[in-house]
Protein chains: 2
Amino acid sequence: MPDVDAATAVPAAPAVPPVPAVRRPRGRPGYDQDTVLRRAIDLFNRQGYDATSINDLAVDLGITKSAIYHHFESKEAILAAALDEALDGLDAAVAAAADATRDEPAYDRLRATVEAAVHILVAHLPAVTLLLRVRGNSPLEQAALDRRRHIDEQLATVVKRAVDEGDLRDDVDPEVISRLVFGMVNSLVDWYHPDGPISSETLAAAVAGVLFQGLHR
Amino acid sequence: MPDVDAATAVPAAPAVPPVPAVRRPRGRPGYDQDTVLRRAIDLFNRQGYDATSINDLAVDLGITKSAIYHHFESKEAILAAALDEALDGLDAAVAAAADATRDEPAYDRLRATVEAAVHILVAHLPAVTLLLRVRGNSPLEQAALDRRRHIDEQLATVVKRAVDEGDLRDDVDPEVISRLVFGMVNSLVDWYHPDGPISSETLAAAVAGVLFQGLHR
DNA sequence: GTCTATACCGCGATAGAC
DNA sequence: GTCTATCGCGGTATAGAC
């Protein structure tokens, strides 16, 4: 008796019928594109993109290889979707951090940027993890590396400005400082688990604290 | 005990004949095992181990696939040799740093260890880079990860002791401190070039300086 | 130490039924 | 949305000549 169309019944000619806005998995399989993407990203991160075959992903989902191709045109298209998610997130985060602290000293902007980077990294952990492991093996991967380099350069600019303004130590090349800072931030993907005991606020505070004040007591 | 054929032969007789200690490439090809290994590690680091085929390596060396198998039993045997080099180096470095600073405060030991880690990472950069990218996709890779974890635990112990001795900030979990410290150190493999303008001494000083004193001026 | 030739397998991807 | 079946390619690895 419960008919899905019930709600749309009344108007004379409901030319736009059923169309369930958000598909929910039914019987057993029946995956949507985003679910396939999440599982793929997880597998890619566990085994590496190249070491993961379409069949591995199919087995993980409990379906066959061919079914994957209903959701994505190719293996590389899955990677593309994942990398776009990570890069869009990072772009937005860097822009937002820059905007929110526009008139402050570069030192404060840098600190805000580092904390924002930690938060975005945590929020999109799987996709960012995948991004950070890309080696540039295809035009697609190279394009992702280019976008990433562009983001890194924006961050390096803030570091340089903070040194120029005299708030950061100047006994180390600003370029090196930049590498060390974001090297530490990026290394979080190798061990941090968002559902573990450490909140992203605690983590961001720890990273910023260690970086800016140092380890000494 | 160690029996290397000729070496054990006749004491008193300088019986060590031709045996070109270091083989030099002759006509054109004619590689020795170590050269093949170096080139393989470089390729693996550029493209990723899984994305690199034996044929890629053969083309890079200017020989054919089959010739590779004269030097190594299998592709995985090449990886094994590389990972052993990295792990042996790290093991030795950690042990040496621990030994040299045995009676000093943990804070000093930690600083010495960080600097030693930077130096060994630079000295064996290609092999260590490869090690840090291993995902555990085979029993061999898992064994490497196990050895690496063991080393990481030794380092974490020094950090914990330094916190206990009251020399390190205690507002951050020692385990997290350890991850951040060696995350920064390990991230060097993603950008540092030993033959660039930055010496390994400068680099070690920069890393230790930033980590222990912080970025502030 | 390298070559040619080849075995064998799993990969990404497609066609078409249900 | 998933299935079975299949294609063609490139992967690791081996055999045996030079």
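Computed from heavy atoms alone, side chains included, the values below leave out hydrogens, waters and symmetry copies. Here is how names work: the chains are called A, B, and so on, in the same order as the sequence lines, proteins then strands, and each is numbered from 1.
Residue Thr64(B) places no side-chain atom within donor-acceptor reach of the base of dT4(C), judged by atom type and a 3.5 Å distance cut-off alone. No donor-acceptor contact under 3.5 Å links the side chain of Lys75(B) to the base of dG11(D).
Among the nucleotides dT2(D), dA13(C), dT2(C), the one closest to the side chain of Lys65(A) is dA13(C). Closest to the side chain of Ile63(B), out of dT2(C), dT14(C), dA13(D), is dT2(C). With distances taken from any side-chain atom of Ser53(A) to the nucleotides dG12(C), dA13(D), dC3(C), the minimum falls on dG12(C). Nearest to the side-chain atoms of Tyr31(A) among the listed nucleotides dA5(C), dT2(C), dT2(D) stands dT2(D). Closest to the side chain of Ser66(A), out of dT4(D), dA5(C), dT12(D), is dT4(D).
Using a 4.5 Å heavy-atom threshold, the side chains of Ile78(B) and Leu57(B) count as touching. Side-chain atoms of Asn137(A) and Asp50(A), non-hydrogen and from C-beta on, do get closer than 4.5 Å to each other.
Rounding to whole angstrom units, OH of residue Tyr49(A) and P of dC11(C) are separated by 14 Å. The interatomic distance linking Ile54(B) (CD1) with dA7(C) (P) rounds to 21 Å, in whole Å. The CD atom of Glu73(A) sits 12 Å away from the P atom of dA15(C) (whole-angstrom rounding). dG1(C) atom P lies 8 Å from atom CG of Asp32(B), rounded to whole Å. Taking atom OH of residue Tyr69(B) and atom C1' of nucleotide dC3(C), one finds them 16 Å apart after rounding to whole Å. Straight-line distance from the NE2 atom of His71(B) to the C1' atom of dT12(D): 17 Å, rounded to whole Å. Between the P atom of dG12(C) and the CG atom of Asn55(A) lies a distance of 8 Å, rounded to the nearest Å. As a whole-Å value, the separation of Leu57(A) CG from dC11(C) C1' is 14 Å.
The residues Asp42(A) and Arg39(A) are annotated as not salt-bridged, no charged nitrogen and carboxylate oxygen being separated by less than 4.0 angstrom. In this structure, Arg148(B) does not pair ionically with Glu141(B), as no charged nitrogen and carboxylate oxygen lie closer than 4.0 Å.
Under 3.5 Å, the side chains of Asp32(A) and Thr35(A) contain a donor-acceptor pair of N or O atoms.
Between His70(B) and dC3(C) there is no side-chain polar atom (N or O) within less than 4.0 angstrom of OP1 or OP2.
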